Amino acid sequence: MQKQTLVKILFILTIAFGTFSCTDKMDNSEEAKAERKKEVSEYVKHHNLDTHDFTLYSYKGEDGKDHSIGFPLPVILWSDGLHVFSSGKFHHGEEVVESNGKYFALDTHSYKIFETDQTGKISYDEDHHATNVKPLDFSITKSVFMIIVVGLIMFFLFRGLAKSYVKNGSIASGPGRFFEPIVLYIRDDIAIPNIGVEKHKRYMPFLLTVFFFVWFLNLFGLTPLGINVTGNIAITTALAIMTFLLTNFTGTKDYWKHIFDPLGDSMPWIAKIPLYIILIPIEVLGIFIKPFSLLIRLYANMQAGHIVLGSLLGLIYVFNSWLGGTLSFGLSFAISLIELLVAALQAYIFTMLSALYFGFASESHDHAEEHEGEIQHL
């Protein structure tokens, strides 16, 4: 039995090594490797950009041009009027689109749309930034498309969970059995300890939505479809703004008193004035620093993970050898497993910090002080 197992392992290793050694005889000179590194860098950059079409697979054809399999998305622009057309008309930046007497071109470096002339000329400054007029872009991009998809998945998933409660008498059925413990964990271990039993219910819809929204998008980002929604700083900024608005619009008197009168009645007003010149601006600045830390943490972690994973996979192409390819694949697999953990961890941290901020806003001054150590730890 052991001999058979050993033979199988040796056979698999032989096939694997033979596969790597029988790859196309590519030029392994320093110039060729530098060119392949440049190609990998451009591909990783493109993989993390938000584009106007949804690409499932791309390849280089016999004609030497890049081809892709996917589907276009609607382009919605405002420039002296509304312009609506399919992103497929750009042909990946090779064609100029005419709409209502205006011409638009897709910049293949930034993948943004600019106004141009009939020839499609785009001018650049010294830093290689396009200087053409940029219309207001309300297009359904790849990120927006995935937000809609995840929103629909969440709607039907938790709608089914709610129906199972009504039908089976508070007993989850179907896929809801897997998500019910997570919902209870967010309620019992995140919302109630940080916000309180009396006031946590008003924040539960947002906390549950933001956790599963971020988690599902992070998981989709690990697929080879090039979906890096939470690695887009515009998306994380929008989520942080929601937390910011909920925190400050639901804040109690004690919350605002703590900001503009942080020392309370512990000192006479005359003695507090010099300290307040320093403390009040810091407290006001903290209102904006908290959501800023939310958006930067989520954006930086997800973007960095995608760049590292894409670079490791690209090394297989750069090395062009069974040893380098095997090592790169092994590291990529290990990073992918870590990214699965990071996907859930970042959703948890965003939800936990949001609950802490809501707790500061809804609790009295005395209770809010108890959580200062927790937020600093996170």
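Excluded from the calculations below are hydrogen atoms, water molecules and symmetry mates; all remaining heavy atoms, backbone and side chain alike, are included. If you're wondering where the values come from, they're calculated on a predicted model, not measured in any experiment.
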Between [X] and [Y]: side-chain donor-acceptor atoms closer than 3.5 Å:
{"X": "Gln346", "Y": "Asn218", "result": "no"}
{"X": "Ser99", "Y": "His83", "result": "yes"}
{"X": "Thr141", "Y": "Asp50", "result": "yes"}
{"X": "Ser79", "Y": "Glu115", "result": "yes"}
{"X": "Thr250", "Y": "Tyr203", "result": "yes"}
{"X": "Thr119", "Y": "Asp117", "result": "yes"}

Between [Y] and [X], is there a side-chain heavy-atom distance shorter than 4.5 Å?
{"X": "Val84", "Y": "Leu77", "result": "no"}
{"X": "Val284", "Y": "Phe260", "result": "yes"}
{"X": "Thr243", "Y": "Leu294", "result": "yes"}
{"X": "Met352", "Y": "Ser354", "result": "no"}
{"X": "Lys290", "Y": "Leu353", "result": "no"}
{"X": "His129", "Y": "Tyr124", "result": "no"}
{"X": "Ile235", "Y": "Leu295", "result": "no"}
{"X": "His52", "Y": "Ile113", "result": "yes"}

Can you confirm whether more than 12 heavy atoms, excluding those of [X], are under 6.0 Å from its [atom1] atom?
{"X": "Phe333", "atom1": "CZ", "value": "no"}
{"X": "Met204", "atom1": "CE", "value": "yes"}
{"X": "Trp78", "atom1": "CH2", "value": "no"}

Spacing of [atom1] belonging to [X] relative to [atom2] belonging to [Y], to within rounding of 0.5 Å:
{"X": "Phe358", "Y": "Lys199", "atom1": "CZ", "atom2": "NZ", "answer": "14.0 Å"}
{"X": "Tyr299", "Y": "Leu239", "atom1": "OH", "atom2": "CG", "answer": "15.0 Å"}
{"X": "Asp107", "Y": "Asn132", "atom1": "CG", "atom2": "CG", "answer": "8.5 Å"}
{"X": "Trp215", "Y": "Phe220", "atom1": "CH2", "atom2": "CZ", "answer": "12.0 Å"}
{"X": "Asn248", "Y": "Ile259", "atom1": "CG", "atom2": "CD1", "answer": "6.5 Å"}
{"X": "Tyr276", "Y": "Asp261", "atom1": "OH", "atom2": "CG", "answer": "3.5 Å"}

Looking at the rings of [X] and [Y], which for Trp means the six-membered one, are their centres under 6.0 Å apart?
{"X": "Phe104", "Y": "Phe90", "result": "no"}
{"X": "Phe71", "Y": "Phe145", "result": "yes"}
{"X": "Tyr357", "Y": "Phe244", "result": "no"}

Shared hydrophobic cluster, [X] / [Y] (ILVMFWY, side-chain heavy atoms < 4.5 Å):
{"X": "Phe206", "Y": "Ile192", "answer": "no"}
{"X": "Leu341", "Y": "Ile349", "answer": "no"}
{"X": "Met154", "Y": "Tyr185", "answer": "yes"}
{"X": "Tyr348", "Y": "Leu340", "answer": "yes"}
{"X": "Ile338", "Y": "Val214", "answer": "yes"}

Side chain to side chain contact (heavy atoms under 4.5 Å, CB included) between Ile227 and Phe54: does it pass, once the steps are laid out? CA-CA 9 Å; Ile227 306 162; Phe54 201 101; 3.7 Å; yes

When Phe212 is tested against each of Phe179, Phe155, Phe178 for ring-ring contact (aromatic ring centres under 6.0 Å, His included), which residue passes?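 Passing option: Phe179.
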
Fit a plane to each ring of Phe158 and Phe216, take the angle between them on a 0 to 90° scale, and name the class: parallel (under 30°), tilted (30 to 60°) or perpendicular (over 60°).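 Phe158 and Phe216: parallel rings.
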
Can a donor-acceptor pair be found, under 3.5 Å and without considering hydrogens, that links the side chain of His200 to the backbone of Val197?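 Flag set: sc His200 to bb Val197 pair under 3.5 Å.
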
Side-chain donor or acceptor of Glu180 paired with backbone N/O of Val183 under 3.5 Å: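 Between the backbone of Val183 and the side chain of Glu180 there is no qualifying donor-acceptor contact (under 3.5 Å).
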
Mind running side chain to side chain contact (heavy atoms under 4.5 Å, CB included) on Phe114 and Lys112 for me, showing each step along the way? CA-CA 7 Å; Phe114 295 94; Lys112 294 180 180 179; 3.9 Å; yes

Working note: Ser139 + Asp137, criterion side chain to side chain donor-acceptor pair (under 3.5 Å); need CA distance, chi angles, decisive distance, verdict. CA-CA 6 Å; Ser139 305; Asp137 195 345; 2.4 Å; yes

Hey, is Lys142 close enough to Asp53 for a salt bridge, meaning N to O under 4.0 Å?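 Salt bridge absent between Lys142 and Asp53.
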
Any salt bridge between Glu95 and Lys89, counting N to O under 4.0 Å?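 Salt bridge between Glu95 and Lys89, a charged N being under 4.0 Å from a carboxylate O: no.
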
Thr236/Asn232 under side chain to side chain contact (heavy atoms under 4.5 Å, CB included): CA gap, chis, key distance, verdict: CA-CA 7 Å; Thr236 59; Asn232 187 333; over 6 Å; no

Which is it for His306 and Leu309 under the side chain to side chain contact (heavy atoms under 4.5 Å, CB included) test, yes or no, and what are the steps along the way? CA-CA 5 Å; His306 280 262; Leu309 188 57; 5.9 Å; no

